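Please read these numbers as outputs of a predicted model, since none were measured by experiment.
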Amino acid sequence: MDKQEPKSAMASNDPDLSDPSGDPQPGDLIEIFRPAYQHWALYLGDGYIINLTPVDESQAAAMSSVKSVFSRKAVVRMQLLKEVVGSDSYRVNNKYDDNHTPLPICEIIERAQVLIDQEVSYDLLGSNCEHFVTLLRYGEGVSEQASRAIGAISLVTAAASAFSVLGLINTRSRNRPF
């Protein structure tokens, strides 16, 4: 599977960005590059996507808010891709197709439409926007972004534990009466 370069929401003279074969198709995963993270959406067709937005923010503010990653609840919204992307870039990224079989497109779209305007639980590591759209596309929630974050947290925790144990051993050896 070839990796596509991110597309800008703005017009471009770059021939790679105007290639119609790179245009989203219904059921495609859309990766949107925010300044500090990637936001994920599912393309429905006719320029519309479905994605998660924070419950307590207006639609306009939710599109670029880092606060959205710390929210515990989200609303499933159908929005225009170009409005959600804004000045950021995006790409079609069905990167899990090699390991997960996509559901039939009609089923993906049907499952997505049932959820529009519903409030759902949100958890950065266990139930984020990438989990949401991969659940719709594959029937299983997957998030490489969350897996990397969990791995980093585990590494930091293991390092802190090791330093703590080493400090404890070092302290005990200095406190020996003999």
Evaluate the criterion side chain to side chain contact (heavy atoms under 4.5 Å, CB included) for residue pair Trp40 and Asn51; output intermediate values, then yes/no.
CA-CA 7 Å; Trp40 288 84; Asn51 72 132; over 6 Å; no
Between His39 and Ile30, does a side chain to side chain contact (heavy atoms under 4.5 Å, CB included) hold up when you go through it step by step? CA-CA 8 Å; His39 179 64; Ile30 307 294; over 6 Å; no
### Query
After noting the C-alpha distance and the side-chain angles of Arg72 and Tyr122, does the key distance pass the side chain to side chain contact (heavy atoms under 4.5 Å, CB included) rule?
CA-CA 5 Å; Arg72 301 297 292 160; Tyr122 183 90; 5.9 Å; no
Exercise for the section: Kindly determine whether Val76 and Leu52 satisfy side chain to side chain contact (heavy atoms under 4.5 Å, CB included), including the steps that lead there. Expected result: CA-CA 5 Å; Val76 179; Leu52 296 180; 3.7 Å; yes
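Among Val84, Leu44, Ile50, the single residue meeting the side chain to side chain contact (heavy atoms under 4.5 Å, CB included) criterion with Gln79 is Val84. Among the candidates Leu42, Asn128, Ile49, the single residue satisfying the side chain to side chain contact (heavy atoms under 4.5 Å, CB included) test with Val133 is Leu42.
Taken to the nearest 0.5 Å, the CD1 atom of Ile105 stands 8.0 Å off from the CD atom of Gln25. Taking SG of Cys129 as the reference point, atom OH of Tyr37 lies at 7.5 Å (rounded to 0.5 Å). With rounding to the nearest 0.5 angstrom, the CD atom of Glu31 is 11.0 Å from the CG atom of Asn94. Rounding to the nearest 0.5 angstrom, the gap separating the CZ atom in Arg111 from the CG atom in Leu136 is 6.0 Å.
Residues Tyr43 and Ile109 share a closest heavy-atom pair of O-CD1, 4.0 Å. Across all their heavy atoms, Leu103 and Gly139 have their closest contact at CD1-N, 3.7 Å. Nearest approach of Ser121 to Lys73, heavy atoms of both residues: OG-NZ, 4.1 Å. Shortest non-hydrogen contact noted between Pro24 and Leu81 is CG-CD2, 4.1 Å. Across all non-hydrogen atoms, the minimal contact from Leu29 to Arg137 is CG-CD, 3.6 Å. For the pair Ile108 and Gly27, the tightest heavy-atom approach, listed with the atom from each and the gap, is CG2-CA, 4.0 Å.
Glu140 has its side chain out of reach of Thr134: every pair of non-hydrogen atoms, C-beta onward, lies at least 4.5 Å apart.
Atom CD of Glu107 has more than 12 neighbouring heavy atoms from other residues, nucleotides or ligands inside a 6.0 Å radius.
In the hydrophobic cluster analysis, where Ile, Leu, Val, Met, Phe, Trp and Tyr join through side-chain heavy atoms closer than 4.5 angstrom, Leu135 is grouped apart from Ile32.
A donor and an acceptor atom, one from each side chain of Glu130 and Tyr96, are located under 3.5 Å apart.
Although no hydrogens or angles enter the test, the distance criterion places no donor-acceptor pair under 3.5 Å between the side chain of Asp46 and the main chain of Tyr48.
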